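Let me begin by handing over the structure; questions about it come next.
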Amino acid sequence: MCGIVGYVGHRPAAPLIIEALQRLEYRGYDSAGLAILDADGNLAVRKRAGKLEELACSLQGSLPQGNTGVGHTRWATHGRPNDLNAHPHSDCRGEVVVVHNGIIESHHQLKEGLKARGHRFLSETDSEIIAHLMEEALGRGLTLAEALRQAMAVIQGAHAVVAMARSCPGKIVGARVGNAGGLVVGVGQNEAVIASDLPAILPFTRHVVFLNDGEMVEAGPEGVALRSLATGALIERTAVRVPYDPVSVAKGPYKHFMLKEMMEQPEAILDTLRGRVDLESLDLHLEGVDPSLLKGVERVVLVGMGTSLHAAMVGRHYVEQIARLPAEWDNASEFRYRDPILDDRVLVIAVSQSGETADTLAAMVEARRKGARLVAVCNVVGSQATRMADGVVYTRCGLEIGVCSTKTFTASLVALYLLVCALATSRQAIDRQALGQLLLPMARLPYLVGELTKRSHEYEALAHAFAHYQNFLYLGRGIQYPIALEGALKLKEVSYIHAEGYPAGEMKHGPIALIDQNMPVMAIALRDELWDKMRNNMEQVRARDGTIIAVATEGDEEVQQLAHHTLWVPPAPTLLSPILTVIPLQFFAYHIAVRRGCDVDQPRNLAKTVTVE
Ligand code: AGP
């Protein structure tokens, strides 16, 4: 997946595009490029492997001049991340320039066909095909918009594209097919910006139009026109105004966004609760979920990917324990291929920080097709998941820039908990008193999480002692099993250490063979109903010379006899305890990664939002 941007208007396009790309870099950062067109049709293309910073440095003092341009930050799918494969791409005559996010499924045949018609390809990418197809269409006398429309009709798959042509200075076009990342159009005074998502646009204008699947846009200083890709017919849609706080994107005093975002968790949790829970009257109000949507639900399916899947896994415990409904979770990338059994009595809850993850969106499409009800738990206002769902519970975390999800995980757990409380209330599985018992402990969560984040130095000291290990095993049971997975995911993502998360009961069925003094075990062993079982696991590890770090309940003396090191968390109701146990695991991963000199905010091979399948 990639970040794409286009600008047309009266300002110098190059600096504006670089600034927009900085805000899109979380989508991919293995190469970057831009193309600038001046009023006389002169085109300059500059692109480079590596991060955007390298491109920006190489352009210092020699920024291409012109008021129309496109830019791209890449996460490679076809072709290695090198200078040639970096976007923008153009046809062999250098007439059309495109930036693309998506995968062209039929690219081999298309490429062969174009080659047979005399086209020469400069890169290994599938994206270049679009430029060649458009160049052919322009050669037949079509307009730029019509050329893009015809090219989009030929390529298969899900895409977002922005393009311009030498023969059409002062014009850019964009199109979106499927769910390979969205396309948003910012409409300013005699200018327009088209980009993959809102953060790239909002510093320039707050008036935006979202492009839906199967739509395209033609933009120039005189305004923007939306059209149907299928028919070319004009679409009427007025721009909406969206709120934005540019200060929140700054790192502030923190060394990394990941650290900043971990520290922001108390506030993110508070904001996710704010206005939704009245702790005096014990009222629960979810503004984005109409109560009728929850009436008559008989089964719940929770889907997501990565960290959001781990939140969904915790969510299943909420549904079963609080609403007493059958519940299951599924990896969104598996869900749609197993022909899931769904109907209008099933509530599908899609968890996604970005609301743009292709697999999660595809799972939602499948759920919609089969008539299920759909609620999104999401952080990004106006994202595709939120527009697709019947109801939304926003996590209100503000922008999460670090590729590694942290504050959006804990806030997603809070949002899921509230949603399930509303579901339980709607089906009268709980009375007012029980609702009060569930909601009251939430008031203390921001404080408890805040106390844990203050122990960053303790986690750092422990992390330094363990930074040289190559393998870790994370164990948890019940509601802590997803936290074991999440702890292991954090460690792998940012430190590149191999880490496995397992349900602790599974340990003796295989992973125990790995345990020795070189394989530290992180055991989440709280004083809850599963404590005895976790004690057995820790004893089994000790008996094999394993080193144990326990995440344990404050005041538990027994755990100190078993574990070599302990990360304490305060006592809390079992259902809320994952929001606490994950905090030391996030910090542990962060400090190990920093110690090992890793690029914490932009780990290798990753992207914040995965908009390809
Ligand atoms: C976790 O740190 C990663 N950022 C990744 O696993 C992420 O949770 C996953 O790609 C899903 O993204 P989403 O929440 O935006 O849908």
Side-chain angles (χ1 to χ4, degrees), residues 1 3 24-29 75 179-182 196-199 256-259 261-262 265 268 302-315 329-335 348-365 376-386 388-389 392-395 397-413 415-416 482-483 485-496 499 501 582 585-590 593 598-613:
M1 84 242 65
L24 292 174
E25 217 185 355
Y26 70 89
R27 301 172 74 96
Y29 40 80
W75 185 76
N179 293 323
S196 300
D197 70 17
L198 280 172
H256 298 104
F257 278 112
M258 182 178 171
L259 179 60
E261 287 156 4
M262 291 189 299
Q265 290 182 101
L302 300 107
V303 293
M305 297 299 292
T307 290
S308 290
L309 175 63
H310 301 153
M313 291 168 76
V314 174
W329 55 261
D330 204 348
N331 183 298
S333 67
E334 294 291 320
F335 181 70
V348 173
I349 302 175
V351 186
S352 175
Q353 180 284 130
S354 60
E356 304 285 350
T357 297
D359 287 313
T360 307
L361 295 176
M364 292 177 78
V365 169
V377 169
C378 187
N379 191 48
V380 178
V381 178
S383 58
Q384 291 192 67
T386 65
M388 208 184 273
V392 185
V393 188
Y394 280 111
T395 43
C397 296
L399 268 183
E400 189 176 63
I401 304 278
V403 164
C404 189
S405 303
T406 52
K407 61 178 176 176
T408 54
F409 177 70
T410 43
S412 291
L413 297 189
L416 282 165
I483 303 306
L485 294 177
E486 177 61 7
L489 177 64
K490 294 300 90 160
L491 189 65
K492 325 183 225 230
E493 267 185 298
V494 295
S495 74
Y496 316 142
V582 76
L585 302 186
Q586 294 171 343
F587 277 90
F588 184 71
Y590 168 77
C598 299
D599 188 346
V600 175
D601 284 333
Q602 295 184 330
R604 68 184 182 203
N605 303 338
L606 291 178
K608 180 75 180 159
T609 308
V610 183
T611 58
V612 290
E613 203 186 348

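Atoms within a ligand are numbered from 1 in the order they appear, just like the ligands themselves. None of the values given here were measured: they were computed from a predicted structure.
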* Asked: Do you know which of Gln265, Glu486, Lys407, Lys490 makes side-chain hydrogen bond (donor to acceptor under 3.5 Å, both in side chains) with Gln586?
  -> Gln265

* Asked: Would you say the side-chain atoms of Glu400 and Thr408 include a donor-acceptor pair closer than 3.5 Å?
  -> yes

* To do: State whether the shortest distance between N or O atoms of Gly306 and N or O atoms of ligand 1 falls below 3.5 angstrom.
  => no

* To do: Any atoms of ligand 1 less than 4.0 Å from a non-hydrogen atom of Gln353? List them with their elements.
  => 13 (P), 14 (O), 15 (O), 16 (O)

* Asked: What protein heavy atom sits nearest atom 13 (P) of ligand 1, and how far off is it?
  -> Thr357 OG1, 3.2 Å

* Does Glu261 use its side chain to pair, donor to acceptor, with the backbone of Ile401 at less than 3.5 Å? -> yes

* **Main-chain N/O of Cys598 paired to Tyr496 side chain as donor or acceptor, under 3.5 Å** => no

* To do: Examine ligand 1 and decide if any of its atoms is less than 4.0 Å from a heavy atom belonging to Lys490.
  => yes

* Asked: Can you tell me which residue and heavy atom of the protein come closest to atom 4 (N) of ligand 1, and the distance to 0.1 Å?
  -> Val403 O, 2.8 Å

* Relative to the heavy atoms of Ser308, which atoms of ligand 1 are at a distance of less than 4.0 Å? -> 8 (O), 13 (P), 14 (O)

* Asked: In the protein, which heavy atom is nearest to atom 15 (O) of ligand 1, and how far is it?
  -> Ser354 OG, 2.6 Å

* When you measure from atom 11 (C) of ligand 1 to every protein heavy atom, which one gives the shortest distance, and what is it? -> Met305 O, 3.2 Å

* Using a 4.0 Å heavy-atom cut-off, say whether Glu493 meets ligand 1 through its side chain, its backbone, both or neither. => side chain

* To do: Considering non-hydrogen atoms only, spot the tightest contact between Ala311 and Val351 and give its length.
  => CB-CG1, 4.2 Å

* To the nearest 0.1 Å, how far is atom 10 (O) of ligand 1 from its closest protein heavy atom, and which atom is that? -> Val610 CG2, 4.2 Å

* Asked: Is there a donor-acceptor contact under 3.5 Å from the side chain of Ser354 to the main chain of Glu356?
  -> yes

* **Atoms of ligand 1 close to Thr307 [distance to a heavy atom under 4.0 angstrom, numbered from 1]** => 1 (C), 2 (O), 6 (O), 8 (O)

* List for me each residue that meets side chain to side chain contact (heavy atoms under 4.5 Å, CB included) alongside Ala332, sequence neighbours excluded, and say none if there are none. => Val303, Met305, Asp359, Thr360, Ala363

* **Contacting atoms of ligand 1, where contact means under 4.0 angstrom from a heavy atom of Cys404** => 2 (O)

* Asked: What pairs with Phe588 under ring pair (Phe, Tyr, Trp, His ring centres under 6.0 Å), at least two apart in sequence or on another chain?
  -> Phe472

